[in-house]
Amino acid sequence: MTHLLEVAGLKTHFFTQDGVVRAVDGVTFTLDAGQTLGVVGESGSGKSVTALSIMGLIPAAQGRVVEGDIRFKGDSVVGMTEDQMRAIRGNRIAMIFQDPMTSLNPVFRVGVQIAESLRVHKGMSKADANQRAVELLDLVGIPHPSERARDYPHQFSGGMRQRAMIAMALACDPDILIADEPTTALDVTIQAQIIDLMMSLQDRTGSAIVMITHDLGVVADIADNVLVMYAGHPAELGAADEVFYKPQHPYTWGLLDSLPRHDVTDKTELCPIKGQPPSLVNVPSGCPFHPRCPYVKEVCRTMVPQLRDIEGGHMSACHFSGEPGFTRTEMACAGVSS
Amino acid sequence: MLKYIVRRVLQMVPVFLGVTILLFVLTVVIPGDPIAMRMGERNMTDAQRASIRKALGLDKPLYQQYGDYLVRLSKGDLGESSRARRPVLSIFADLYPNTIRLALAAIVIEIIIGIGAGIISAIKRYSFMDVLVTLSTSILVSLPVFWLGLMMQLLFGIKFKEWGLPYLPVVNMTSDQFPPWAHMIMPSIVLASVSTAYVARIMRSQLLEVMNQDYIRTAQAKGLSPSAVIWKHGLKNAMIPVVTFIGLDLGAMMSGAILTETVFNWPGIGYMVYQSILQRDWPVVMGGVIIIVFVVMIINLLVDISYAFLDPRIRYGAESS
Amino acid sequence: MKPDISEAVPDPGDHHPDGATRASESTLTAEASSRTLLSDALRRLRRNKLAIVALVWIAIMVAVAVTADLWVPQTLGDPIKIDTTKVVGLSLNPPSLAHPFGRDDLGRDILSRVIYGARVSLAVGVIATAISVMLGLIMGALAAYYGGLADSFVMRLTDVFLAFPYILFAIALMAVLGRGFLNIFIAIGLLGWPTIARVFRSSILQVKENEYVDAARALGAGDLRIMTRHILPNAVAPIIVYATMSIGGAILTEAALSFLGMGILPPTPAWGLMLAEGRGFIYNAPHLMIFPGLAILTTVLGFVLLGDGLRDALDVKMKD
């Protein structure tokens with residue numbers, strides 16, 4: 001069966017003066033129509049680079065996809081010409097960026113910026129595209145859309161700008177919407193509104209969503225599947241319920257332990273993962289997580305664990321996942337408090 | 001928008017007053033006889049001097065003299081040339097067209113070559129063209145313009161003539177031998193040289209900076225072609241400071257290109273002021289500077305207003321930092 | 001001022017492809033945390049070949065100009081004195097092996113005059129810039145540190161100065177002060193301060209926002225101490241860059257003033273003056289003009305390229 005989007009063994013590297021930066025190093029996942037995939041990880045785990053690789057927006061002067069494949073409806077995106085890629089970009093796969101304050105062009109009216117993709121991809125006339133832009137602004141909940149379409153971005157608040165970005169991304173009814181930390185730059189109260197908006201629009205349009213975030217809480221509510229990334233590597237991949245309730249990878253355990261939980265009433269302290277994510281120039285040998293892993297064993301230092309099926313499609317890239325007796329303990333926290 | 005313009009005009013007032021004070025102070029401290037300064041060097045008896053002093057109001061206290069000076073200014077009375085015996089205002093009214101003609105030609109060169117070179121150099125970053133533009137702009141800003149003028153005269157005027165090549169007129173604004181535009185070629189290139197280099201540098205750095213902005217990636221993610229991304233989304237933002245610079249430079253050129261006009265005997269206002277300084281014709285110098293400062297300030301005001309029109313963040317009253 | 005939103009975003013590192021580079025840079029600096037800012041800047045400067053060439057060129061010129069008395073008159077001839085017995089035969093000689101730049105209308109060696117002219121230009125460049133920097137620092141500090149009325153007064157004063165057409169202002173000042181060496185320093189120095197004051201004011205305002213300044217004040221440090229210990233060192237980078245570039249500017253202004261007959265008095269050899277004097281011989285002896293002009297160009301270019309290099313090395317953001 002062809003998936004809507006299939007990423008297999010993707011490696012995207014950047015070539016800098018200081019060496020090769022392995023920003024994405026073997027990421028694998030699939031996405032089907034109407035589904036939501038949550039991609040979770042710390043800064044520098046390769047989430048955004050994965051998204052830009054799918055969009056074909058890795059600047060050629062800095063880096064490129066060196067290995068692996070990205071298939072959209074069965075067609076490899078990696079081998080496409082720039083023209084073919086452009087027909088997909090913004091049309092079949094659209095993207096929302098982190099910072100709505102800087103992601104809109106300050107010198108063009110909001111409506112014009114939304115209409116732009118319609119004119120490029122659908123060949124609409126200026127008037128039709130502008131009319132459609134107003135409808136889209138209405139759809140994303142901007143009051144007085146026909147007046148606001150003539151505003152410039154600086155006249156919009158942060159939340160409204162992100163709504164406008166969503167309107168822009170949805171203009172061509174894309175099959176996939178990639179949202180790269182769409183709420184990180186926004187006020188907490190606005191964050192929930194934006195997520196709700198995206199979900200209700202998904203119900204209406206049937207777009208698949210790739211939700212990139214460092215916030216497990218966001219993903220928990222909305223994702224069908226979750227991919228946890230660490231240092232450019234996939235750590236764990238599976239159905240959201242599986243990943244949250246039966247996590248297999250020590251890194252996922254650490255992420256969950258560092259999350260404040262309202263359902264736990266005892267006085268357990270928050271337990272952050274000790275240490276820092278590694279430099280992507282010098283990724284540790286073996287399992288990239290081993291220097292920070294409380295369960296580290298000898299094999300972790302030498303052998304790179306592959307993502308493997310643990311149980312019914314729930315995958316983990318830990319040598320010991322699925323072994324009887326390999327479970328989450330309080331060890332991690334003990335290490336920190338001592 | 002109107003508020004912005006009013007505020008901007010009000011800001012000009014103290015600056016203009018400051019300029020008049022500074023000029024007035026200069027007239028007081030300039031060494032030499034103030035009567036000779038205003039009336040020209042002539043032999044006079046003491047009684048004559050005293051009556052002239054009184055007539056000119058030089059016996060009054062300084063602040064009163066300054067007040068009188070301001071009153072005369074507000075009436076448009078800028079004094080009379082002590083040599084030519086003509087009102088300063090009419091001297092400058094006659095000469096300004098020459099300066100404007102040269103300035104406009106120079107601005108055209110700046111726009112075409114400066115912006116063009118800057119864009120090429122930014123788009124083809126690190127290419128041979130980029131290195132060439134970067135190096136030649138460094139050389140241009142280091143060139144003494146008057147020497148550039150002299151060297152061009154030597155090559156295109158004198159040597160080309162010696163070698164039997166088509167050559168250009170060396171000096172003056174008109175001649176029987178050449179059409180007027182031929183006389184403008186060298187002076188306008190010389191006048192444009194430094195600014196063209198600056199325009200190219202600003203254009204390059206602005207475009208490079210803009211192309212790193214998030215909204216450029218948004219435009220790419222929309223599926224726009226690379227040329228649409230650069231020419232529409234990139235250039236419109238990058239052009240704002242460039243246009244501002246060119247506008248301010250046009251203002252600066254309205255103060256007359258003393259060096260260029262001197263090298264090419266171009267009868268513009270800069271040349272006039274310079275000659276008047278050499279001849280100690282102070283009314284022309286003082287009046288000329290006032291006129292020049294006024295014109296430059298008006299042009300800068302227009303540039304600021306057009307800047308606001310170019311940048312919607314200012315036009316629609318976003319707070320500017 | 002608008003708060004910079006990007007600083008409020010906790011996770012920018014992963015956002016842009018550059019993030020990967022940034023991550024690697026931060027680990028590199030972490031490995032060599034002992035490396036100071038200064039040596040870091042020097043390392044970057046060394047990598048800039050043009051800036052190094054410029055620095056070497058400036059050093060050569062300074063060395064030649066300083067030692068000129070020891071060897072130039074002896075080998076090339078006196079830059080000022082005229083040998084009246086030989087003037088007729090020697091005047092306007094084109095460049096030759098013994099006189100690489102030729103001789104002027106009075107039979108003086110042009111290379112010798114160009115070398116002595118370097119003394120004038122370098123002295124004017126450095127001293128006038130020093131005057132501008134001192135004035136600018138004081139005014140900029142007054143404006144930024146005390147704010148309010150002092151700030152608006154200083155800023156309006158810079159407006160007035162900048163409203164004057166620059167070269168015209170310089171000529172007018174020279175007309176008031178009279179021609180001569182010392183007055184050139186004063187005139188060009190006086191004209192340069194407003195820009196320095198603005199640069200310094202804005203960098204102080206930036207530094208002032210930092211918490212360590214508040215911390216110092218909370219510890220009871222006085223105004224002067226805060227200024228000299230905390231603010232000046234942090235605002236110094238843009239001043240260094242700006243001063244380097246304005247040395248070139250001052251040299252150009254001096255040359256223009258001397259060319260217009262409003263600067264150095266003859267017979268002192270100054271490049272601008274030599275150009276003015278050589279202008280009359282453009283038809284039969286262009287070498288009188290070519291070499292002093294090249295001297296101005298290469299000297300100013302040296303300071304411009306060094307300034308560019310310093311700007312990149314010290315990572316100073318400037319309007320070009």
Side-chain angles (χ1 to χ4, degrees), chain A residues 48 51-52 54-61 82-110 112-122 150-156 161 164-165 168-169 171-172 174 177-178 180 185, chain B residues 1 4 121-131 203-204 206-244 306-321:
Chain A
S48 295
L52 291 174
I54 297 168
M55 297 292 287
L57 285 178
I58 301 293
E82 174 63 22
D83 282 349
Q84 289 171 314
M85 195 62 234
R86 257 200 339 263
I88 294 178
R89 212 186 275 152
N91 185 20
R92 304 322 320 144
I93 309 179
M95 188 161 173
I96 306 168
F97 296 97
Q98 173 172 317
D99 191 346
M101 307 307 277
T102 56
S103 293
L104 287 163
N105 194 325
V107 300
F108 291 106
R109 295 174 197 277
V110 173
V112 169
Q113 296 190 53
I114 297 171
E116 210 173 9
S117 19
L118 291 165
R119 302 197 61 200
V120 170
H121 295 295
K122 305 289 182 208
R150 285 196 295 275
D151 279 355
Y152 286 90
H154 73 267
Q155 292 165 292
F156 275 39
R161 288 191 215 189
M165 285 295 292
M168 196 183 292
C172 297
L177 177 64
I178 303 176
D180 186 359
Chain B
M1 187 66 202
Y4 172 81
S121 152
I123 293 177
K124 306 272 176 211
R125 199 177 181 184
Y126 304 130
S127 69
F128 172 73
M129 275 306 288
D130 184 23
V131 175
M203 187 73 245
R204 176 180 185 274
Q206 283 298 322
L207 196 53
L208 287 176
E209 196 183 313
V210 164
M211 293 311 284
N212 265 330
Q213 298 292 316
D214 286 350
Y215 54 77
I216 292 298
R217 200 187 36 199
T218 308
Q220 289 168 336
K222 254 185 240 181
L224 299 188
S225 67
S227 62
V229 171
I230 291 173
W231 294 101
K232 192 176 170 196
H233 286 263
L235 217 52
K236 186 154 183 190
N237 282 281
M239 280 303 280
I240 294 173
V242 177
V243 170
T244 310
S306 59
Y307 177 79
F309 268 103
L310 283 174
D311 192 337
R313 280 162 294 187
I314 296 180
R315 191 179 351 150
Y316 291 99
E319 77 272 47
S320 58
S321 47

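Proteins get letters first, then strands, A, B, ... in listed order; numbering begins at 1 in each.
Distance check, rounded to the nearest 0.5 Å: CG of B:Asp311 to OH of A:Tyr152 gives 9.5 Å. B:Arg217 contributes atom CZ, which lies 8.5 Å from atom CG of A:Leu57 (distance to the nearest 0.5 angstrom).
Within 6.0 Å of NZ on B:Lys124 lie no more than 12 heavy atoms contributed by other residues, nucleotides or ligands.
B:Gln220 touches chain A through backbone and side chain together, each having a heavy atom under 4.5 Å away. Of the two parts of A:Met168, only the side chain, counted from C-beta on, holds a non-hydrogen atom closer than 4.5 Å to a non-hydrogen atom of chain B.
Side chains of B:Leu224 and A:Arg89 form no contact here, defined as non-hydrogen atoms less than 4.5 Å apart. Using a 4.5 Å heavy-atom threshold, the side chains of B:Ile240 and A:Val107 count as touching. For the pair B:Thr218/A:Asn105, no side-chain contact is recorded, criterion being any heavy-atom separation below 4.5 Å from C-beta on.
Applying a 4.5 Å heavy-atom cutoff, the residues of residues 227-236 of chain B that approach chain A are B:Lys232, B:His233, B:Lys236.
When A:Met55, A:Met165, A:Gln113, A:Glu116 are compared by the number of non-hydrogen pairs under 4.5 Å with chain B, A:Glu116 comes out ahead. Counting heavy-atom pairs closer than 4.5 Å to chain B, the top-ranked of the candidates A:Pro106, A:Gly56, A:Ala61 is A:Pro106.
Nearest heavy-atom pair, B:Pro226 versus A:Arg86, reported as atom, atom and distance to 0.1 Å: CD-NH1, 3.3 Å. The two residues B:Gly223 and A:Val120 have their closest heavy-atom pair at O-CG1, 3.9 Å.
In terms of modelled atom types and a separation under 3.5 Å, the side chain of B:Lys222 and the main chain of A:Met95 share no donor-acceptor contact.
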